[in-house]
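Below, read A as the first sequence line, B as the second, and so on, with proteins coming before strands; counting in each chain starts at 1. For clarity, every value in this text was computed on a predicted model and none was experimentally measured.
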Number of protein chains: 2
Amino acid sequence: MATVNSKTRQTASEEDLGIVDGLVQLSFLVQAVLGRVAASYDVSIIQARLIGILRDRELGMAQLAQVLNLDKSSITGLVDRAEKRGLVRRTAVPGDGRAVHVVLTSKGAKLAKMFTAEVDEQLKDAVEGLSDSKRRRLSVLATQVVLHDAATRGLDLSTGRRGV
Amino acid sequence: MATVNSKTRQTASEEDLGIVDGLVQLSFLVQAVLGRVAASYDVSIIQARLIGILRDRELGMAQLAQVLNLDKSSITGLVDRAEKRGLVRRTAVPGDGRAVHVVLTSKGAKLAKMFTAEVDEQLKDAVEGLSDSKRRRLSVLATQVVLHDAATRGLDLSTGRRGV
DNA sequence: TATTGTTATACTCTATAACTATA
DNA sequence: TATAGTTATAGAGTATAACAATA
């Protein structure tokens, strides 16, 4: 994947990886940023996603499995480790003895906030090379792809759904 | 991260996640495609990257570590598993008794080709919602971000360097 | 019976530290 | 000494299958 299109000699400003390689390489760039920032706070990307999701809601294990697209048994271990580090807490659910909810601790909330801010800063640095108008266009185009994909998968988009 | 901007009511066509959340969600979308395609061929993303890199070159373990940004001890295991599955082969390097080169087997080459084609198809599906001109614009903008980032990191871009 | 969650198990992926062999 | 690579070890992340408890 991600082979540079070298059919023709191109100047830097004309160069185009093509839509597929462009998106693939861009995704690795973004993931690298997420990974570096997460590592700087000594957590993994998945742990960062977990606390990011829980910033403004509390979810059960099965719901987390759905949002993170993991098996529920994987969530058990994920939450175990996050709990051991004091980032989240399991709480009982009144009215359903089977269920638990996972909520952020204040430490987890603080980490989520710092992580988000740092990713924000570093990704903005990454697009500093674009003009304001290009940045806005990229933002809109990325949004359209994401929303189209979500719609294709039948996800709810109308109720202020927060992605991850 | 990736909170929907809900400051104002917006119609779908105007909606904008913002540059940061847009890029983050887009990256997860792309990574999900890569993961699904890899899984369909019963390999991990990192195994797919490994054989993708080796499509048109043979590298030593230390070079692979650099390209994949992993410790060389991690490469040992990665290549071990790929070799066990018949995807790559270690070969001796004439003139340096310490070194080995890793090369694709024909099975590995075939898999790399199929993987690339399938990612190509699925990512094109993912952007089918965009008009041709928007797709081209997205491609160019993604390229600019990637190249700017590479330049910032002082990477070589001129010699047909293949990304991953 | 269905749902929620955990446990047991096995594998992949990763890093650190210590090691061997060659240059 | 420096470089190329492996081994030993430990831990995170993941899935499958089997299980317990509750609805």
Side-chain angles (χ1 to χ4, degrees), chain A residues 28 31-32 34-36 38-53 58-103 164, chain B residues 28 31-32 34-36 38-54 58-103 111 164:
Chain A
F28 279 117
Q31 292 287 313
L34 295 176
R36 276 199 303 274
S40 78
Y41 290 111
D42 201 33
V43 292
S44 64
I45 290 185
I46 188 66
Q47 292 280 342
R49 288 185 76 188
L50 173 65
I51 62 177
I53 288 169
E58 53 180 77
L59 298 177
M61 304 297 277
Q63 291 173 297
L64 283 172
Q66 197 200 353
V67 174
L68 289 171
N69 197 31
L70 295 172
D71 191 87
K72 57 185 176 158
S73 66
S74 302
I75 303 297
T76 297
L78 199 60
V79 170
D80 280 352
R81 291 185 292 273
E83 199 165 26
K84 203 173 298 176
R85 306 181 58 161
L87 303 176
V88 305
R89 216 175 46 239
R90 282 174 169 92
T91 62
V93 176
D96 189 339
R98 301 169 301 180
V100 300
H101 274 182
V102 184
V103 300
V164 184
Chain B
F28 279 117
Q31 293 287 314
L34 295 176
R36 276 199 305 274
S40 78
Y41 290 110
D42 200 33
V43 292
S44 63
I45 290 186
I46 188 66
Q47 292 280 342
R49 288 185 75 188
L50 173 66
I51 63 178
I53 289 169
L54 295 173
E58 54 180 76
L59 298 177
M61 304 297 278
Q63 291 172 296
L64 283 172
Q66 198 198 351
V67 174
L68 290 171
N69 198 29
L70 295 173
D71 190 87
K72 57 185 176 157
S73 66
S74 302
I75 303 296
T76 297
L78 198 60
V79 170
D80 280 352
R81 291 184 293 273
E83 200 164 25
K84 204 172 297 176
R85 305 183 59 161
L87 302 175
V88 305
R89 215 175 48 239
R90 282 173 169 94
T91 63
V93 176
D96 190 340
R98 302 169 301 180
V100 299
H101 274 184
V102 184
V103 300
L111 177 52
V164 183

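Between G97(A) and L70(A), the residue whose closest nucleotide on DNA chain D is further toward the 5' end is L70(A).
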Could you write out each protein N or O paired with an N or O of nucleotides 3-7 of chain C at a distance under 3.5 Å?
from: dT3(C); atom 1: O4'; to: R98(A); atom 2: NH1; distance (Å): 3.4
from: dT3(C); atom 1: O2; to: R98(A); atom 2: NH1; distance (Å): 2.8
from: dG5(C); atom 1: OP1; to: V100(A); atom 2: N; distance (Å): 2.9
from: dG5(C); atom 1: OP1; to: V100(A); atom 2: O; distance (Å): 2.9
from: dG5(C); atom 1: OP2; to: M61(A); atom 2: N; distance (Å): 3.3
from: dG5(C); atom 1: OP2; to: A62(A); atom 2: N; distance (Å): 2.8
from: dG5(C); atom 1: N7; to: K72(A); atom 2: NZ; distance (Å): 2.7
from: dG5(C); atom 1: O6; to: K72(A); atom 2: NZ; distance (Å): 3.0
from: dT6(C); atom 1: OP1; to: R90(A); atom 2: NE; distance (Å): 2.9
from: dT6(C); atom 1: OP1; to: R90(A); atom 2: NH2; distance (Å): 3.2
from: dT6(C); atom 1: OP2; to: T76(A); atom 2: OG1; distance (Å): 3.0

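Salt-bridge check for R90(B) with E83(B): passed, with a basic side-chain N closer than 4.0 Å to an acidic carboxylate O.
Counting only residues at least two apart or on different chains, the side-chain hydrogen bond (donor to acceptor under 3.5 Å, both in side chains) pairs with a member in residues 62-72 of chain B are D71(B)-S73(B).
Look at CG on L87(B): it is 14 Å from C1' on dT12(C), rounded to the nearest Å. Rounded to a whole Å, the NZ atom of K84(A) is 13 Å from the C1' atom of dA10(D). The separation between Q66(B) atom CD and dA4(D) atom P is 11 Å, rounded to whole Å. Computed from coordinates, the I46(A) CD1 to dG11(D) C1' distance equals 16 Å when rounded to whole Å. The separation between L64(B) atom CG and dT6(D) atom P is 11 Å, rounded to whole Å. Atom CG of L68(B) is separated from atom P of dT14(C) by 8 Å (rounded to the nearest Å). With rounding to whole Å, D42(A) atom CG is found 17 Å from dT14(C) atom P. Distance CG (N69(A)) to C1' (dG13(D)): 14 Å, rounded to an integer number of Å.
Side-chain contact between I46(A) and L50(A) is absent, with no heavy atoms from C-beta onward closer than 4.5 Å. Using a 4.5 Å heavy-atom threshold, the side chains of E58(B) and I53(B) count as separate.
Taking R85(A) as the reference, D42(A), V43(A), L87(A) meet the side-chain contact (heavy atoms from CB on, under 4.5 Å) condition, with sequence neighbours excluded.
When the side-chain nitrogen and oxygen atoms of R81(A) are compared with OP1 and OP2 of dG13(D), one or more of them lie within a distance under 4.0 Å. Regarding contacts with the backbone of dA15(C), a side-chain N or O of S74(B) is found under 4.0 angstrom from either OP1 or OP2.
Rounded to the nearest 0.5 angstrom, L64(B) CG and I75(B) CD1 are separated by 5.5 Å.
Nearest heavy atom pair, residue Q47(B) against residue L78(B), reads NE2-O, 3.4 Å.
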